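Reading through the structure tokens given below for one structure.
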Amino acid sequence: MKHKLEHLLQQAVAALKTQGVLDPELAVQINLERARDTQHGDFASNLAMMLAKAARTNPRQLAEKIVAAIPQDNLVSKIEIAGPGFINFFANPDSQFQIVKQIHDAGPEFGLSKIGAGKRVQVEFVSANPTGPLHVGHGRGAAYGSAVADLLEAAGFDVEREYYVNDAGRQMDILATSVWLRYLEECGEVLPFPSNGYRGEYVRDIAFNLHKKAGNDYRRPAELVLEDIPADEPQGGDKEKHIDALIERAKTLLGMEQYGSVFQVGLDEILADIKDDLQEFGVGYQHWFSERLLMDDGSIQQALQRLEVAGYLYKQDGAIWFASSRLGDEKDRVVIRDNGQSTYFASDIAYHMNKLDRGFDQIVNIWGADHHGYIPRVKAAMQALGADESKLKVLLVQFAVLYRGDEKVQMSTRSGEFVTLRQLRNEVGKDACRFFYVMRKSEQHMDFDLKLATSRTNENPVYYVQYAHARVCSVLRQLDEKGRARNLNLGMEHLNLLTESHETELLGTLSKYPEVLERAAVQYEPHQLIHYLRELANQFHSYYNAHQFLVDDDRLCNARLNLICAVRHVLANALSLLKIHTPEAM
RNA sequence: GCGCUUGUAGCUCAGCCGGAUAGAGCAUCGGCCUUCUAAGCCGAGGGUCGCAGGUUCGAGUCCUGCCAAGCGUGCCA
């Protein structure tokens, strides 16, 4: 409907250009939106006001010329000029009824779009370090990222979901060493645990399993482990130096092969947990991309070489720097440290080069808001590599703050005390969890109220939408219990009996769904879909209370049943897109 | 200090590319279950869109300054 009207306006503009009313060179942007007030028809355009200046007339006069130039079309029953020069379109009521038939015919396909057809887009999200289980902060990225990916797919894009696994670097060494130290405790060695190690209970679990499987294979005496290790922070030392020395000790005492095994056990167990967790949350990936792969296959050296050739690298204080400040970053960044090791940023340059080489039309990164300062340097790197940096879209997700009623839930990663995503899902349930995470715009700071999300009352918006779906199913069951049968065709033939204001309103809202879906996808804003669902559910509940569906008149009864089944289809399509259940009874 | 994000009803938030009288939910108050599920519906009250300027036919929306909150500002990842 909307696209059709836009096309009509375009034809009108073209006609006015040939008539000489408008400059043929003039670039015209057709602006059409849903009228907010039904008095203003169904769609409104401000075209005349936009073009008035260029055409050197007043908006209302121009509007009249535009209206005169619009071709006849049976979708439109009336066109009015109103206010300062709005052009208001009134849809033909008969055409409005057709939406019920369209929805029925398209079924699960209704609302899908083809605007992304032929375009490949990659969405990278979550990508949490595999040093521990996912917590509630990652949950928002997971829910938002998968919703964005699913929306893009619904809009016709060829979508590839990817998780970047930071399986290299110092944090992983700290994890491996933490696992080993806990393992030594399992073996019966007595030694202090570093303040900067991973203290979470899950590390003990991994160590326990390792001990069960490998016995004392990795055991070394505590005296040897602790010999000449600089003091930890609580003892007045430096916690970084302390842990680094322990990492080195682990490597020398175990040898690289055994150390590698311990490292791998930690990585594998945590990654398996993360994958499992995400899958239960309805989040799936096409690729798990390993950072270690980049180091092993020479990608990093290759990327740095390209920067070198382009003249963006220089040496200073023993380190190698990337001159990102020449490309908009606030300062230059180290890529190779003075100890010869490459930085995380160097990996990221290679990773983004790899993404570009894979030929995506668009690359979407979903990051926590605390990484926002990182965007300029990555974009700078892409430019330096000669790539089109506009291909990269970084979406930031603000942190979610957990509340239980009025009380803030405290979290601390250091102490290992945090609410995991798994705990949250168990407490709140997958449906409410996803709904709440996606309900807000991603860049909004979010308060996640556990009490509200778990409540089974009218305060909880998830049930409100699901209830609408269940109610339609319930009506159909009632029909059956009364010994009546649905007559689909009879209903379709008499859709014109749907003249109540609630019915007209619902028809309009149903026809909006494809536009909402498309906009939510293109703008990366799944919350728009949630708001639409609440609106649709609200209109349905009002309708339900105002009118009886199972009336004696078979024609009206079936027309109404067809309408509410159309509502059910749209609810189901949108909810399943968001991986939220559509209960048939509640 | 600088940078990014945010500021809309008592609370949590929508508000599409600048458009017509700024909207929901919760909370508060008043109604609706012998009829398809009351996890629902109907109604009422509640606003200086952080503040001050500017741009124009028109600003919650764009620009500038200020105020407030969160985050960032490592040879950490």
Side-chain angles (χ1 to χ4, degrees), chain A residues 29-37 39-40 44-46 49-50 52-53 58-59 82-86 88 129 131 166 168-172 174 240 291 316-321 330-331 333-339 341-345 347-348 368-376 396 398-399 401 403 406 439-441 443-447 449 452 455-464 466-468 470-479 481-482 515-516 519-520 523 525 527-528 530-531 534-535 537-538 540-551 560-561 564 585-586:
Chain A
Q29 165 103 33
I30 302 289
N31 207 337
L32 188 72
E33 59 180 40
R34 288 270 170 183
R36 290 181 192 168
D37 191 327
Q39 283 188 355
H40 301 135
S45 176
N46 61 359
M49 291 179 285
M50 304 275 285
K53 197 175 272 181
N58 77 55
F86 288 102
N88 293 335
N129 284 353
T131 51
N166 295 121
R170 182 160 170 269
Q171 294 303 319
M172 286 306 296
I174 294 178
E240 306 292 347
E291 180 187 0
Q316 188 181 306
D317 304 330
I320 296 178
W321 297 70
E330 59 184 30
K331 56 183 270 198
R333 311 288 172 178
V334 170
V335 286
I336 306 276
R337 291 195 278 263
D338 56 7
N339 65 7
Q341 286 194 325
S342 59
T343 60
Y344 174 83
F345 179 46
S347 296
D348 239 11
D370 54 336
H371 282 64
H372 66 75
Y374 209 74
I375 300 172
L396 296 176
Q398 291 287 344
F399 282 121
V401 181
Y403 283 85
D406 290 334
M439 196 162 63
R440 305 281 176 239
K441 249 158 104 162
E443 66 261 36
Q444 269 286 354
H445 301 248
M446 181 170 72
D447 293 336
D449 188 343
L452 180 59
S455 73
R456 313 195 120 253
T457 67
N458 57 351
E459 293 169 39
N460 194 327
V462 192
Y463 295 108
Y464 185 79
Q466 290 182 320
Y467 186 42
R471 263 186 158 170
V472 177
C473 299
S474 171
V475 171
L476 294 178
R477 279 194 300 272
Q478 277 294 320
L479 180 78
E481 280 169 28
K482 289 186 176 176
E515 294 158 34
V516 172
R519 201 170 60 227
Q523 299 182 352
E525 293 189 342
H527 78 273
Q528 292 190 22
I530 298 270
H531 281 273
R534 294 174 80 167
E535 185 189 351
N538 172 251
F540 170 75
H541 286 310
S542 296
Y543 181 36
Y544 182 94
N545 275 271
H547 298 285
Q548 194 77 13
F549 305 146
L550 303 179
V551 291
R560 286 183 170 171
L561 288 175
I564 65 170
M586 287 173 74

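So that the names make sense, note that chain A is the first sequence line, chain B the second, and so on, each numbered from 1. Computation of the quantities below employed the complete heavy-atom set of this structure, encompassing side-chain atoms and omitting hydrogens, waters and symmetry-equivalent molecules. Predicted model only: the values in this text are computed from it and were never measured.
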Applying side chain to side chain contact (heavy atoms under 4.5 Å, CB included), run through A:Asn166 and A:Tyr344 and close with a yes or a no. CA-CA 9 Å; A:Asn166 295 121; A:Tyr344 174 83; 3.2 Å; yes
Could you please name the option among B:A20, B:C13, B:A38 that lies closest to any side-chain atom of A:Arg440? B:C13
Scan A:Glu240 against the nucleic acid and name what it touches under 4.0 Å (heavy atoms): base, sugar-phosphate only, or nothing. nothing
State, yes or no, whether a side-chain contact exists between A:Asp338 and A:Asp317 at a heavy-atom distance under 4.5 Å. no
Rounded at 0.5 Å granularity, tell me how far CD in A:Glu33 sits from CG in A:Asn46. 7.0 Å
Distances under 3.5 Å only, N/O to N/O: pair up the protein atoms with those of nucleotides 41-47 of chain B.
from	atom 1	to	atom 2	distance (Å)
B:C41	OP1	A:Tyr464	OH	2.4
B:C41	OP1	A:Asn538	ND2	3.4
B:C41	O4'	A:Asn545	ND2	3.0
B:C41	O3'	A:Ser542	OG	3.2
B:C42	OP1	A:Ser542	OG	2.8

Are the side chains of A:Arg534 and A:Met439 in contact, using a 4.5 Å heavy-atom criterion? yes
Could you work out the separation of B:C2 and B:C17 based on their P atoms and round it to a whole Å? 31 Å
Scoring nucleotides 4-10 of chain B by protein non-hydrogen atoms under 4.0 Å (B base, S sugar-phosphate only, - none) yields BSSS---
Taking B:G25, B:A77, B:C13 as options, the one with an atom nearest any side-chain atom of A:His531 is B:C13
Quantified in whole Å, what is the P atom distance between nucleotide B:A59 and nucleotide B:C41? 36 Å
Suppose you measure atom C1' in B:U61 against the same atom in B:U8; what distance do you get, rounded to whole Å? 12 Å
Test log, rule side chain to side chain donor-acceptor pair (under 3.5 Å), inputs A:Gln171 and A:Thr131: CA-CA 7 Å; A:Gln171 294 303 319; A:Thr131 51; 5.9 Å; no
Would you measure the distance from the P atom in B:G7 across to the matching atom in B:G45 and give it in whole Å? 27 Å
Considering only side-chain heavy atoms of A:Tyr544, which listed nucleotide, B:C36, B:C75, B:C13, is closest? B:C36
Using whole Å, report how far NE2 of A:His371 lies from P of B:A77. 11 Å
Nearest-Å distance for atom pair CD/C1', residues A:Glu525 and B:G15: 11 Å
A:Leu550 side, atom CG; A:Glu481 side, atom CD - distance, nearest 0.5 Å: 10.5 Å
Indicate syn or anti for B:C42, taking the glycosidic torsion and treating anything within 90° of 0 as syn. anti
Can you tell me how far P in B:U12 sits from the matching atom in B:G31, rounded to whole Å? 30 Å
Any stacking of A:His40 on B:A20, going by centres under 5.5 angstrom and planes within less than 30 degrees? yes
What's the gap between B:G18 and B:C63 when it is taken at their P atoms, as a whole Å value? 10 Å
If I take atom CE in residue A:Met49 and atom C1' in nucleotide B:A59, what distance separates them, rounded to the nearest angstrom? 14 Å
Per the O4'-C1'-N9-C4 / O4'-C1'-N1-C2 angle with a 90° window around 0, B:C16 comes out anti
Identify all stems in which RNA chain B takes part, counting only runs of at least 3 consecutive pairs (Watson-Crick or G-U wobble, each distance under 3.5 Å), and give each as one range with another, ordered by first number. B:1-7 with B:67-73, B:10-13 with B:23-26, B:28-32 with B:40-44, B:50-54 with B:62-66
Quick one: which of B:C75, B:C36, B:C16 gets closest to the side chain of A:Ser474? B:C36
Rounded off to whole Å, could you give me the OH-to-P distance for the A:Tyr463 and B:A38 pair? 18 Å
Integer-rounded Å distance: B:G40 P and A:Gln548 CD: 19 Å
Could you tell me how far B:A20 sits from B:G60 if I compare only their C1' atoms? Round to whole Å. 15 Å
Among B:C75, B:A14, B:A20, which is the nearest nucleotide to the side chain of A:His527? B:A14
Of A:Ala319 and A:Phe549, the one whose closest RNA chain B nucleotide lies more 5': A:Phe549
Could you tell me how far apart A:Arg333 (CZ) and B:C76 (C1') are, to the nearest whole angstrom? 13 Å
P atom, B:A22 versus B:C16: distance in rounded Å? 15 Å
Base, sugar-phosphate, or nothing: which does A:Lys331 touch, judged by heavy atoms less than 4.0 Å apart? sugar-phosphate
Taking the minimum atom-to-atom distance to the side chain of A:Phe86, which one of B:G72, B:C76, B:G19 wins? B:G19
Below 3.5 Å, does any donor atom in the side chain of A:Arg170 face an acceptor in the base of B:C76, or the other way round? no
Check the pair A:Gln341, A:Arg337 against side chain to side chain donor-acceptor pair (under 3.5 Å), reporting the backbone distance first and the verdict last. CA-CA 5 Å; A:Gln341 286 194 325; A:Arg337 291 195 278 263; 3.3 Å; yes
A:Tyr544 six-ring centre to A:Arg471 NZ/CZ under 6.0 Å and within 45° of normal: yes
Name the orientation class of the two ring planes belonging to A:Phe345 and A:Tyr374 (parallel below 30°, tilted from 30 to 60°, perpendicular beyond 60°). perpendicular
Can you figure out which of B:G25, B:C75, B:C76 approaches the side chain of A:Asp338 most closely? B:C75
On RNA chain B, check which nucleotide each of A:Ala585 and A:Asn88 is closest to and give me the residue with the more 5' one. A:Asn88
Distance from A:Leu561 atom CG to A:Phe549 atom CZ, nearest 0.5 Å? 8.5 Å
Report yes if some heavy atom in the side chain of A:Gln478 is under 4.5 Å from a heavy atom in the side chain of A:Lys482; otherwise report no. yes
Report the distance from atom CG of A:Asn46 to atom P of B:A59, rounded to the nearest whole Å. 15 Å
What integer distance in Å separates A:Gln528:CD from B:G23:C1'? 15 Å
pair A:Met586-A:Tyr463: side-chain heavy atoms closer than 4.5 Å: yes
